[in-house]
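Right, one structure below, let's go through it.
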Amino acid sequence: MTTIAPEQIRITYTSQSADMEAAHKFFDEALVKVRAEAGREYPIYIDHKPVKTAEPLLPDSSPIDSSMLLGKFTAGNAAVVDQALRSAAAQKGPWRRTPWAERVAILRKAANLMRKRKFELAAVMSLEVGKSRMEALGDAEESADLIDYYCDQTEKANGFVQSMNKITPIETNTDVLRPFGVFVCIAPFNFPLALSTGMSSAALVAGNTVVYKPAQDTPLTGLKLYEVYRDAGIPAGVFNFVTGKGSVMGDPLWQHPLTDGIVFTGSKEVGLHMYAQFSAKWVKPCLLELGGKNPAIVMDSADLDMAAEGVMKSAFGLQGQKCSACSRVYVHKAVAAAFIEKLVARTKAIKIGDPTERDVYLGPVVNERAAKKFEQVMAQGKGKVEVLTGGERLKGGLFDKGWFVAPTIVKAPLSSDFFMEEFFLPLLTVGVVDSLDQALEESNKAEYGLTAGMYSKKQDEIEKFWDVIESGVTYVNKRSGATTGAWPGAQAFCGWKGSGSTGKGGCGPYYVSQFMREQSRCVIKEG
Ligand code: UN1
């Protein structure tokens with residue numbers, strides 16, 4: 001019998017200091033519970049009250065087995081959006097006036113609840129997104145750490161209040177960062193808990209109220225986040241949970257006149273559209289984390305086993321559906337053949353299957369659209385790229401029930417659009433370069449600039465990589481993932497160029513303050 005508690009087991013994307021047998025046992029138990037609860041109907045929650053609509057419910061099915069219905073969710077509409085924004089706006093004052101230390105205390109409770117519930121949260125994500133156990137547990141753990149890190153940040157900054165200089169002896173000057181008001185938080189499917197939690201907890205600790213919409217593919221994880229906040233004591237109206245089709249809900253959410261700010265993680269196309277339109281009357285904060293086309297550079301001095309391992313993990317973890325995924329490699333010609341051989345061998349050895357099973361690394365892609373996109377991209381590359389491994393949808397047995405595609409590596413000429421387009425699929429493109437300069441030039445040609453990895457033993461090459469690469473998150477010689485695995489308080493997750501709007505990332509030291517605006521308070525006391 002195990003005496004360890006769920007919250008004592010800690011698993012990140014890159015390390016585990018955990019009792020793995022206990023972890024698997026907790027995960028198995030959680031899976032049974034989540035499966036037993038599958039198929040229920042769920043409302044929207046505004047003001048902590050359930051809200052339904054007359055529209056047909058939206059099915060939430062598992063990508064592992066599309067006949068498995070995890071739940072039926074309420075299809076929100078413009079009227080629901082209006083109700084949610086009004087509720088969030090009504091609570092702006094009370095939440096803003098709640099002392100920051102009280103907000104921190106509530107959010108810390110939320111982090112603790114998340115740690116207690118992490119196995120259930122992970123089981124939900126494994127079934128809803130197709131995450132492997134380790135990816136799902138990492139997502140849940142990161143979520144709790146994100147909240148704590150943003151609480152730490154707020155405490156360290158004394159609630160973002162500081163005394164300023166005096167110009168005359170009769171004045172007192174204080175600088176205060178204050179919330180903007182209501183943030184609309186729109187989250188993607190791939191890290192349905194960590195990204196939702198990171199964005200919303202920063203908005204909340206800063207004193208904003210939130211209307212939150214999870215991705216259409218992951219409403220159950222979104223609901224679990226809502227329950228954590230509610231159970232931790234977030235007051236009614238401060239965090240509102242709405243579900244529905246992105247095409248119906250998206251525009252009304254951010255276009256609503258009561259929306260003071262947007263925090264969004266998702267596609268560049270949607271993000272840039274919002275950014276361009278949002279500031280119609282005055283400039284409003286629009287915090288975007290968008291896609292990536294993240295390169296790894298493998299130099300001739302690299303440890304090739306380390307590089308092959310790191311690239312494989314970052315290319316195929318979560319089926320390549322990470323903004324941080326490694327989707328292109330530039331390898332020096334002197335080691336290209338040896339590196340490619342090691343990379344392909346490791347990729348062929350990946351265990352593919354039902355990702356809720358303990359040793360499966362690669363599960364399905366998120367939905368039918370993603371599987372079809374994979375086929376379309378492979379058709380687009382036919383005759384132009386050389387398939388080194390994979391290239392096809394997987395068929396037979398369990399693969400026929402869900403959306404499974406083979407982990408795929410192609411070799412392409414450097415001019416190929418496979419090096420520039422974000423696919424968000426388990427598809428890695430390899431190119432051969434003559435020099436570091438060429439690798440960096442090719443890397444920087446992409447519109448994106450999120451993460452980048454480098455394998456080299458030469459310090460001057462590493463320094464040059466840092467100086468020239470146009471990416472916000474860089475890793476050197478990382479075996480556990482060439483371009484992935486950022487963690488709160490350790491690696492800020494900042495997108496440059498087409499990967500983000502603010503130049504400051506989640507997980508990093510400047511995140512919370514972006515949800516606030518400055519007020520200078522000068523008081524004069526004469527005589
Ligand atoms: C994402 O890639 O979509 O750095 C989010 C990582 C994780 C996930 C970031 N923290 O790989």
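Remember, it's 1-based here, ligands and their atoms both numbered in the order they're listed.
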Atoms of ligand 1, numbered as shown, that sit under 4.0 Å from any heavy atom of [X]:
X: E142; value: 10 (N)
X: F493; value: 2 (O), 4 (O), 5 (C), 9 (C)
X: G485; value: 4 (O), 6 (C), 11 (O)
X: F191; value: 1 (C), 2 (O), 3 (O), 5 (C), 7 (C), 8 (C)

Ring centre gap for [X] and [Y] strictly below 6.0 Å:
X: F27; Y: F119; value: no
X: F239; Y: Y45; value: no
X: Y150; Y: F515; value: no
X: F493; Y: Y511; value: no

**Message:** Residue-level breakdown please: for N190 versus ligand 1, do any non-hydrogen atoms fall below 4.0 Å on the side chain, on the backbone, on both, or on neither?
**Reply:**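 The side chain, only.
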**Asked** Can you check whether K322 has an N/O within less than 3.5 Å of an N/O in ligand 1?
**Response**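 Such a contact does not occur with ligand 1.
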**Item:** Polar atom proximity, S324 to ligand 1 (N or O, under 3.5 Å)
**Value:**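 N/O-N/O distance below 3.5 Å exists for this pair.
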**Message:** If the threshold is 4.0 Å, N to carboxylate O, is there a salt bridge linking D28 and R133?
**Reply:**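 R133 and D28: salt-bridged.
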**Asked** Heavy-atom distance to atom 4 (O) of ligand 1: which of G505, A486, P488, G481 wins?
**Response**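 Among G505, A486, P488, G481, the closest heavy atom to atom 4 (O) of ligand 1 comes from A486.
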**Item:** Heavy-atom nearest option to atom 2 (O) of ligand 1, drawn from G198, C507, C323, A490
**Value:**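 Looking at heavy atoms only, the winner is C323.
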**Prompt:** Which distance, rounded to the nearest 0.5 Å, do you find between the CG of L440 and the CH2 of W466?
**Reply:**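 CH2 of W466 is found 13.0 Å from CG of L440.
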**Prompt:** Are K293 and Y448 in a cation-pi contact, defined as NZ or CZ under 6.0 Å from the six-membered ring centre and within 45° of the axis?
**Reply:**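 Cation-pi check for K293 and Y448: fails.
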